[in-house]
J.: 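To start, I am sharing the structure in question, which I have written as structure tokens.
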Amino acid sequence: MSEFSVRAARVEDAQYLAAAERETARTPGLLRSKPEELRDETFTARIEQLESPGMHGRYLVAVDAQGSLVGHALLDPMPLIQCAHVFRLTIVVHPGHTSRGVGRLLMNALVAWASENERLEKIELLVRSTNTRAIRLYQSCGFVAEGRLCRVIKLPSGEFIDDIAMAWHRGAR
Ligand SMILES: CC(C)(COP(=O)(O)OP(=O)(O)OC[C@H]1O[C@@H](n2cnc3c(N)ncnc32)[C@H](O)[C@@H]1OP(=O)(O)O)[C@@H](O)C(=O)NCCC(=O)NCCS
């Protein structure tokens, strides 16, 4: 049995999730955002939105046996009516806790939730082409590559990284 578990995010988690994401963003090539672009208020607002009744979204956190936060992942529905069946996925396992099964636990929980919610027919995500750990995880959860956004990330070194657009489709497997 896993030493980690998953629960719905709470507003009081927001500052810790933001701090963990800022720490992750210090490593170039993982996230699109820079640390200074990740603000506590944005995390609070997103949890309030996705975990409020009627929003149809999902914001999950992973915790260890002591209840400490070790990761978070969310499914955010697109706002336009004709795209409301499409949800955007974000996942961040917190620094010091990667490669211990937390990412798989969060992905399994989100895909299980998606499978039960018929409004959701497609999940989209963008992943840096250099992030093989993340790409392998997404592929193993049924995501397929749908396109490549070339030179979309510019690192402080001046080097460019492409993004891969990946998607999960209801009923595809
Ligand atoms: C990418 C990320 C979500 C993966 O989660 P994780 O908890 O580290 O991964 P897990 O331990 O659950 O492993 C899941 C799969 O990832 C892959 N993986 C894990 N660690 C790996 C490593 N060190 N090297 C290569 N692949 C690895 C494997 O395919 C693994 O499958 P397996 O369990 O069958 O071996 C996590 O590392 C993370 O959040 N990293 C920082 C932020 C980030 O990159 N976010 C994604 C942005 S698109």
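Whatever order the structure lists them in is the order used to number ligands and atoms, beginning at 1.
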J.: Any N or O on Ser99 sitting closer than 3.5 Å to an N or O of ligand 1?
T.: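 N/O-N/O distance below 3.5 Å exists for this pair.
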
J.: Could you tell me whether the side chain of Arg58 and the main chain of Ala114 form a donor-acceptor pair under 3.5 Å?
T.: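 Looks like no, no N/O pair under 3.5 Å.
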
J.: Please could you name the atoms of ligand 1 that Val127 approaches to less than 4.0 Å, counting only its heavy atoms?
T.: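 By the 4.0 Å cutoff, the relevant atoms are 48 (S).
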
J.: Output the distance between atom SG (Cys150) and atom CG (Asp163), rounded to the nearest 0.5 Å.
T.: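 Those atoms lie 10.0 Å apart.
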
J.: Could any protein non-hydrogen atom be found less than 4.0 Å from atom 39 (O) of ligand 1?
T.: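 There is a protein heavy atom less than 4.0 Å from atom 39 (O) of ligand 1.
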
J.: Any heavy atom of Thr24 closer to ligand 1 than 4.0 angstrom?
T.: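 So Thr24 counts as touching ligand 1.
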
J.: Pairs of nitrogen or oxygen atoms closer than 3.5 Å, one from Gly101 and one from ligand 1: do any exist?
T.: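 For ligand 1, there is an N or O atom that lies under 3.5 Å from one belonging to Gly101.
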
J.: Considering only heavy atoms, which of Asn131, Val92, Val93 lies nearest to atom 43 (C) of ligand 1?
T.: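 The nearest heavy atom belongs to Asn131.
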
J.: Can you tell me if Ser140 contacts ligand 1 (heavy atom of the residue under 4.0 Å from the ligand)?
T.: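 No heavy atom of Ser140 comes that close to ligand 1.
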
J.: Numbering the atoms of ligand 1 from 1, which are under 4.0 Å from a heavy atom of Thr98?
T.: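 By the 4.0 Å cutoff, the relevant atoms are 8 (O), 37 (O).
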
J.: What do you reckon, does Leu125 put a non-hydrogen atom under 4.0 Å from ligand 1?
T.: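 It does not; every heavy atom stays at 4.0 Å or beyond.
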
J.: Any heavy atom of Tyr138 closer to ligand 1 than 4.0 angstrom?
T.: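 Judged by the 4.0 Å heavy-atom criterion, Tyr138 does count as contacting ligand 1.
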
J.: Hey, does Arg100 come in under 3.5 Å of ligand 1, counting only N/O atoms on both sides?
T.: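 Among all N and O atoms of Arg100, at least one is under 3.5 Å from an N or O of ligand 1.
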
J.: Is atom CZ of Arg151 surrounded by more than 12 heavy atoms (other residues, nucleotides or ligands) closer than 6.0 Å?
T.: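 12 or below, so no.
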
J.: Looking only at atom types and distance, does a side-chain atom of Ser129 sit under 3.5 Å from a main-chain N or O of Ile164, one as donor and one as acceptor?
T.: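 Not at all, since once roles are kept as given, no pair shorter than 3.5 Å links the two residues.
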
J.: Donor-acceptor check, side chain of Arg88 to backbone of Pro77, threshold 3.5 angstrom: yes or no?
T.: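 Flag not set: sc Arg88 to bb Pro77 has no pair under 3.5 Å.
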
J.: If only atom types and distance count, is the side chain of Asp64 paired as donor or acceptor with the main-chain N or O of Gln66 below 3.5 Å?
T.: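 Side chain of Asp64 to backbone of Gln66: a pair is present.
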
J.: Counting heavy atoms only, which of Arg104, His97, Arg133 is nearest atom 32 (P) of ligand 1?
T.: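 That would be Arg104.
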
J.: Heavy atoms only: which of Gly71, Cys141, Ala134, Gly103 lies closest to atom 7 (O) of ligand 1?
T.: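 Shortest heavy-atom distance from atom 7 (O) of ligand 1: Gly103.
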
J.: If the cut-off is 4.0 Å to any non-hydrogen atom of Leu126, which atoms of ligand 1 fall inside it?
T.: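 Reading through ligand 1 atom by atom, the close ones are 48 (S).
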
J.: Tell me which protein heavy atom sits closest to atom 28 (C) of ligand 1, plus the residue, atom name and distance to 0.1 Å.
T.: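 Checked against all protein heavy atoms, atom 28 (C) of ligand 1 sits closest to Arg136 CB, 4.5 Å.
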
J.: Can you tell me the protein heavy atom closest to atom 14 (C) of ligand 1 and the distance?
T.: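 Heavy-atom neighbour on the protein nearest atom 14 (C) of ligand 1: Leu137 CD1, 3.6 Å.
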
J.: For ligand 1 and Ile91, I'd like to know whether there is a polar contact (N/O to N/O, distance under 3.5 Å).
T.: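 In this structure, Ile91 places an N or O atom under 3.5 Å from an N or O of ligand 1.
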
